[in-house]
Amino acid sequence: MEARAPAPARRVDNAVYPLEINTTTPASRRSPSTTRSHWPSRRWIPWLVPSFLVANVVLFFVTMYVNDCPKYSSSCFARFLGRFSFQPLKENPLIGPSSSTLLKMGGLDVTSVVKKHQGWRLVTCIWLHAGIVHILANMLSLLFIGIRLEQEFGFVRIGLLYLISGLGGSVMSALFLQGSISVGASGALFGLLGAMLSELITNWTIYVNKFAALLTLVVIIVINLAVGILPHVDNFAHIGGFISGFLLGFVFLIRPQFGWVSRKNAHLGYPAGSVRHKHKIYQYILWIIAAFLLIFGFTVGLVMLFRGVNANKHCSWCHYLSCVPTSKWSCKQQSANCTVNETATQWNLTCDANGRSQIYPSSSTT
């Protein structure tokens, strides 16, 4: 899902390639059209994004250790893994822990956030994943998108962008999906995608093949958002993260004009460009608008959340953004009613829907 990569100007494919400056060529010998497309090839060594990946993987192992499926169930998947075996696939098709374990580890639960004042769940849920399929998809996306962005913009801006976008995704998810536990780094990853789009817009003049790159990036974003309308996918976290990242891109990923850079880095004896301002006027305007919308959006969203507002009551059609019902599936959340027979040492739970029974130790209230 990359939209650009550094390369010389002679590349003619449809990707976006920032062009490199030839500082040995006098400015008077460069054509204006070519000069506007050049950009210095400063690059950072990425370490933060790989650290994020390691943190997510380590936390998944910790979550599976805490889950301890064999202690509570006799039908664990991959039981030979012992304590690290997974919940039955009918319970968790993503091959992972139980919902109660995710809640214990810091999953996003609106009731806990609002009534128990556990606002920290808005951040901790970003680092948790519901299964191997879930974490594998997210970490591959993080590598492909995050490494390139950190190389170009450094760990500070990309780190802040990742965390704030993840928070934005959590807030929107909590406002619209209040009956389920939400986990995953998808909101932060969609924030990186949104930032790539706004970075292309705000630094429009320095790129070649810009329209092809814009079309490619938009198609990728639309496809990923469209996947979110499937059931059991938290598309509100995707949308919230994308909007946050899109606005943050105008704030964090703004580049100075080439003329200002060439004037600053010009060698003695060579004429410098006449550009005095570091950024263009439209870049300043986009920066101000994006910063205002970010502050306003987060303020309104957090106030609504901690007041216990259900955003679905103010938007009758918004639920279709996360799940569209078809003849193949339903978007309604189905409650599971069970009959409990309790003894001194164990509980016998029988599902009213299919008559299946399971015995649990009475010491485990989960």
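The shortest side-chain heavy-atom distance between Pro70 and Arg79 falls under the 4.5 Å cut-off. With contacts defined as side-chain heavy-atom distances shorter than 4.5 Å, the pair Glu91/Phe77 does not qualify. Between Leu175 and Asn312, every side-chain heavy-atom pair lies at or beyond the 4.5 Å cut-off. Contact check for Asn235 versus Val227: no side-chain heavy atoms found under the 4.5 Å cut-off. Proximity of Leu94 to Ile135: side-chain heavy atoms (C-beta onward) are nowhere separated by under 4.5 Å. Residues Leu217 and Leu193 have side chains in contact (heavy-atom distance under 4.5 Å, counting atoms from C-beta outward). With a 4.5 Å cut-off on side-chain heavy atoms, Ile147 and Pro50 count as touching. Using a 4.5 Å heavy-atom threshold, the side chains of Val57 and Phe61 count as touching.
With side-chain heavy atoms closer than 4.5 Å counting as contact, directly or through intermediates, the hydrophobic cluster containing Val219 also holds Leu215, Ile223. Annotation for Ile295: hydrophobic cluster partners, listed by chain and number, are none (ILVMFWY side-chain heavy atoms under 4.5 Å, direct or chained).
Here the straight-line distance linking atom CD1 of Ile126 with atom CG of Leu163 works out to 6.5 Å at 0.5 Å rounding. Here the CD1-CG distance, from Ile164 to Leu247, works out to 11.0 Å after rounding to the nearest 0.5 Å. Distance check: Arg43 CZ to Phe153 CZ gives 10.5 Å after rounding to the nearest 0.5 Å. Taken from CE in Met304 to CE in Met172, the straight-line distance is 9.5 Å, to the nearest 0.5 Å. Distance check: Leu108 CG to Leu128 CG gives 10.5 Å after rounding to the nearest 0.5 Å. With rounding to the nearest 0.5 angstrom, the CZ atom of Phe306 is 9.5 Å from the NE2 atom of His117.
Judged by distance alone, the side chains of Asn138 and His129 do bring a donor and an acceptor atom under 3.5 Å apart. A donor-acceptor contact under 3.5 angstrom links the side chains of Thr101 and Asn67, judged on distance only.
In terms of heavy-atom proximity, Phe236 sits nearest to Leu177 at CD1-CG, 3.7 Å. Of all heavy-atom pairs spanning Ser322 and Val233, the tightest one is OG-O, 3.2 Å. Shown here for Gly96 and Met64, the closest heavy-atom pair between the two residues is C-SD, 3.9 Å. Across all non-hydrogen atoms, the minimal contact from Leu253 to Asn203 is O-ND2, 2.9 Å. Between Gln87 and Asn92, the closest heavy-atom pair is CB-CB, 4.3 Å. Taking each heavy atom of Thr202 and Phe250 in turn, the nearest pair found is CB-CD2, 3.8 Å.
Ile95 and Val62 are members of different hydrophobic clusters when ILVMFWY side chains are connected at heavy-atom separations under 4.5 Å. Cluster annotation: Phe246 and Val222 are assigned to the same hydrophobic cluster (Ile/Leu/Val/Met/Phe/Trp/Tyr, side-chain heavy-atom contacts under 4.5 Å, transitive). A single hydrophobic cluster is seen to contain both Leu53 and Phe60, as judged by linkage of ILVMFWY side chains at heavy-atom distances under 4.5 Å, directly or through other members. Follow the hydrophobic side-chain contacts under 4.5 Å out from Ile181 and you never reach Phe86; the two are in separate clusters. Residues Leu189 and Leu160 fall within the same hydrophobic cluster, defined by Ile, Leu, Val, Met, Phe, Trp and Tyr side chains chained together at heavy-atom separations under 4.5 Å.
Annotation: side-chain hydrogen bond (donor to acceptor under 3.5 Å, both in side chains) contacts involving residues 188-198, sequence neighbours excluded, are absent.
Residues Trp204 and Tyr282 place their aromatic rings such that the two centres sit no closer than 6.0 Å.
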Phe155/Trp47 under ring pair (Phe, Tyr, Trp, His ring centres under 6.0 Å): CA gap, chis, key distance, verdict | CA-CA 7 Å; Phe155 70 94; Trp47 62 268; 5.0 Å; yes
Report the C-alpha distance between Thr111 and Lys116 in whole Å, list the side-chain angles of each, state the deciding distance to 0.1 Å, and finish with yes or no for side chain to side chain contact (heavy atoms under 4.5 Å, CB included).
-> CA-CA 7 Å; Thr111 301; Lys116 298 181 181 180; 5.6 Å; no
Is there a side chain to side chain contact (heavy atoms under 4.5 Å, CB included) between Leu302 and Leu122 once you walk through the steps?
-> CA-CA 10 Å; Leu302 289 172; Leu122 295 169; 4.1 Å; yes
Residues Phe52, Tyr162; criterion ring pair (Phe, Tyr, Trp, His ring centres under 6.0 Å); working and verdict = CA-CA 10 Å; Phe52 284 169; Tyr162 182 91; 4.8 Å; yes
Starting from the C-alpha separation in whole Å, work towards a yes-or-no answer on side chain to side chain contact (heavy atoms under 4.5 Å, CB included) for Trp44 and Arg157.
-> CA-CA 12 Å; Trp44 282 264; Arg157 287 185 281 183; 4.2 Å; yes
Walk me through it: do Phe252 and Ile158 pass the test side chain to side chain contact (heavy atoms under 4.5 Å, CB included)?
-> CA-CA 8 Å; Phe252 288 157; Ile158 299 307; over 6 Å; no
Using the salt bridge (charged side-chain N to carboxylate O under 4.0 Å, His left out) rule, take Glu152 and Arg255 through it: C-alpha gap first, then chi angles, then the decisive distance, then the call.
-> CA-CA 11 Å; Glu152 294 187 12; Arg255 298 183 191 265; 3.1 Å; yes
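Judged by distance alone, the side chain of Thr124 and the main-chain N or O of Gly106 form a donor-acceptor pair under 3.5 Å. Checking side-chain atoms of Asp109 against main-chain N and O of Ser112 turns up a donor-acceptor pair under 3.5 Å. Looking only at distances, a side-chain donor or acceptor of Gln178 sits under 3.5 Å from a matching main-chain atom of Val309. Within the 3.5 Å criterion, the main-chain N or O of Cys69 finds no donor-acceptor partner in the side chain of Ser73. Checking side-chain atoms of Ser141 against main-chain N and O of Ala137 turns up a donor-acceptor pair under 3.5 Å.
Residue-environment remark: OH (Tyr284) exceeds the threshold of 12 foreign heavy atoms within 6.0 Å.
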